[in-house]
Protein chains: 2
Amino acid sequence: MIEKPNLEESLEAFKLGISNRRTIIAVGECRIDYFGRGHSELDYGDRAVVIKSDGALVIHRPFGLEPVNWQPPGSMYRAYIKSGSLIVEAYRRSPEEKIIVTFKRVLFLAPLGLRDDASFRLYTSEEIMKKAFIKRPEIVEKGLRVISEEKKVGSGLVDCLCLDLNGGIVIVEFKKNRAGVDAVEQLSNYVRELRSSGSEVRGVLVAPSLTKEAYGKLNSLKLEFKRLSVKKCIEILESTGETSKISDFIS
Amino acid sequence: MIEKPNLEESLEAFKLGISNRRTIIAVGECRIDYFGRGHSELDYGDRAVVIKSDGALVIHRPFGLEPVNWQPPGSMYRAYIKSGSLIVEAYRRSPEEKIIVTFKRVLFLAPLGLRDDASFRLYTSEEIMKKAFIKRPEIVEKGLRVISEEKKVGSGLVDCLCLDLNGGIVIVEFKKNRAGVDAVEQLSNYVRELRSSGSEVRGVLVAPSLTKEAYGKLNSLKLEFKRLSVKKCIEILESTGETSKISDFIS
DNA sequence: TTCTCAATTTCGTGG
DNA sequence: CCACGAAGTTGAGAA
């Protein structure tokens, strides 16, 4: 780690760090230009520039959640000094994109050999809903039998294909948040495509709630809605002793 | 900036830095737990933890473009030592979410007073297409006259409302990338809503290309497609001397 | 590669 | 606050 390096020192550190596949964290006053699918300009200011070991680049301003500019893993780098500024360029192909960072000064620069082998486990709400439904289909409708998950139907993927007590086909679509018109349309498309193959098909949208517009559309299309919250699903999975980890974090 | 601080030093630096609204960059071995809309676990490894001056939190692994965990601006923090570990918690309300970072050791910690007042300018491809079209509507169809942009139509916003040579209404929808079924459906919705008010309405999807599915749907709905690339639009804007900045970056 | 959908999407805009 | 659409969306998964 180097504090207040001059631009030549910074250049060397960048070059060495990149070729040694270090993760480099540099903070300094810089401007940023991007060109590719779009085009952006950001005049001089203090930012944190991070080049990761896999070639990913993220540049953060001192505020805001998202990086102001970035480049994906596998990007290629060039660094040089021109007109008294340190310039770092990040390239990618397909699509061809380029970021040019022009440093006026560097506050500090840290080329780091970081070790991180842990595997990230994410449990999403929709996963939870689907699992709970497969475990206990009656939370949506009594007598429902799940035929298949993620079934391909023409233009998209149906969450769950089921049979009801009368042997009719039921398409079940899950939304973890309040469902909007788009969700109803998506379900409607699936139902229409399956109906066109001659079967009796019902469509059920499962979500914690519906927008007003979605409710109207749903009714006019004679589709159905079943209210189901993620919380309820977690309780169901807990009761079968499947996800004690999740419940640890519920308060 | 502190190198290899012990946990007590780190705790003090975190507390002071957060209450002084510094941007804090900390690198160290930590585990991360998240609970809120979803739930995630990540066992110990080296990561860069950034707390920004506005309370935003981003945690980056040494690889990958996206942060592994994060919390938006305005989050609240608690830091303490427990069982020989430094724990930093980030809270938000609505939705209620929490991130718990447990440090085993800290490689370095930098509380920074960063100044960044510059304004970010982003030029998107869709902007460019729309501007070029308004400048020269004939790139889509000869004789077209633009009536309004971003016109609200029932459920959404139409990119451009136009009149053709026969005085008929034409809805023009732009997509900067190859357009899919969703784009056709969106256009179809707008056309349907305007037709329901009794007018003759045509719909034109303007994009560099169409997916096969989209092409079929477009035809069956009797909508139209006009091929137009962003590159062409840039040339058009250049020819009117509007965007020399953009052209500087084209190669 | 293309296509489709999810995301702790985030971010803006308008009602 | 809700609703809706764009994003340099990114990312994962399948054909």
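FYI, side chains are in, hydrogens and waters are out, and symmetry mates aren't considered; it's all heavy atoms of this structure. Chain identifiers are assigned alphabetically (A, B, ...) following the order of the sequence lines, protein sequences preceding nucleic acid strands; residue numbering begins at 1 within each chain.
Atom name P, nucleotides D:dC4 and C:dT8: the rounded distance is 22 Å, in whole Å. Here, D:dG8 and C:dT4 have their P atoms 22 Å apart, quoted to the whole Å.
For A:Glu126, whose side chain is taken as the heavy atoms from C-beta onward, the closest listed nucleotide among D:dC4, C:dA7, C:dT10 is C:dA7. When the nucleotides D:dG8, C:dA6, C:dT10 are ranked by their closest atom to the side chain of A:Lys175, C:dA6 comes out on top. Nearest to the side chain of B:Thr211, among C:dC3, C:dT10, C:dT1, sits C:dC3. For B:Asn177, taking side-chain heavy atoms from C-beta onward, the closest of the listed nucleotides C:dT10, D:dT9, D:dG5 is D:dT9.
Residue-to-nucleotide proximity on DNA chain C shows that, of B:Ile99 and B:Gly180, the 5′-proximal contact is made by B:Gly180. Judged by closest nucleotide on DNA chain C, A:Ser94 is the one of A:Lys176 and A:Ser94 placed further toward the 5' end. The 5' end of DNA chain D is approached more closely, in terms of each residue's nearest nucleotide, by A:Lys212 than by the other of B:Phe120 and A:Lys212.
Contact annotation for A:Thr124: backbone-only contact, meaning every heavy-atom pair under 4.0 Å involves sugar-phosphate atoms and none involves a base.
The CZ-P distance, from A:Arg178 to C:dT9, rounds to 16 Å in whole Å. As a whole-Å value, the separation of B:Arg121 CZ from C:dG12 C1' is 14 Å. Rounded to whole Å, the distance from CZ on A:Arg37 to P on D:dG8 is 8 Å. We find that CE of A:Met129 is positioned 19 Å from P of C:dC5, with the value rounded to whole Å. In this structure, B:Glu127 atom CD and C:dG12 atom C1' are separated by 13 Å, rounded to whole Å. In this structure, A:Glu173 places its CD atom 10 Å from C1' of C:dC5, rounding to the nearest Å. In this structure, the CG atom of A:Asp182 is 14 Å from the P atom of C:dA7, given to the nearest Å. Between the CD1 atom of B:Ile234 and the C1' atom of D:dG8 there is a distance of 13 Å, given to the nearest Å.
Residues from residues 56-74 of chain B that place a heavy atom under 4.0 Å from any atom of DNA chain C, listed by number: B:Val68, B:Asn69, B:Trp70.
Remark: B:Arg78 engages B:Glu89 in a salt bridge (Lys or Arg N to Asp or Glu O under 4.0 Å) (not counting sequence neighbours). For A:Arg37, the salt bridge (Lys or Arg N to Asp or Glu O under 4.0 Å) partners at least two apart in sequence or on another chain are A:Glu97. For the side chain to side chain contact (heavy atoms under 4.5 Å, CB included) test, residues two or more places apart in sequence or in another chain that qualify with B:Ala118 are A:Leu42, A:Asp43, A:Arg47, A:Arg61, B:Asp116. With sequence neighbours excluded, the residues forming a side chain to side chain donor-acceptor pair (under 3.5 Å) with B:Ser209 are B:Arg178, listed by chain and number.
Annotation: A:Arg21, atom CZ; neighbour count of heavy atoms from other residues, nucleotides and ligands within 6.0 Å does not exceed 12.
Less than 6.0 angstrom separates the ring centroid of B:Phe133 from the ring centroid of B:Phe174.
The shortest side-chain heavy-atom distance between A:Glu173 and A:Gln186 falls under the 4.5 Å cut-off.
Legend: side-chain hydrogen bond (donor to acceptor under 3.5 Å, both in side chains) pairs involving residues 214-223 of chain A, not counting sequence neighbours, sorted by first then second residue: A:Glu185-A:Lys217.
A:Tyr123 has no side-chain polar atom (N or O) that falls below the 4.0 Å cut-off from OP1 or OP2 of C:dA7.
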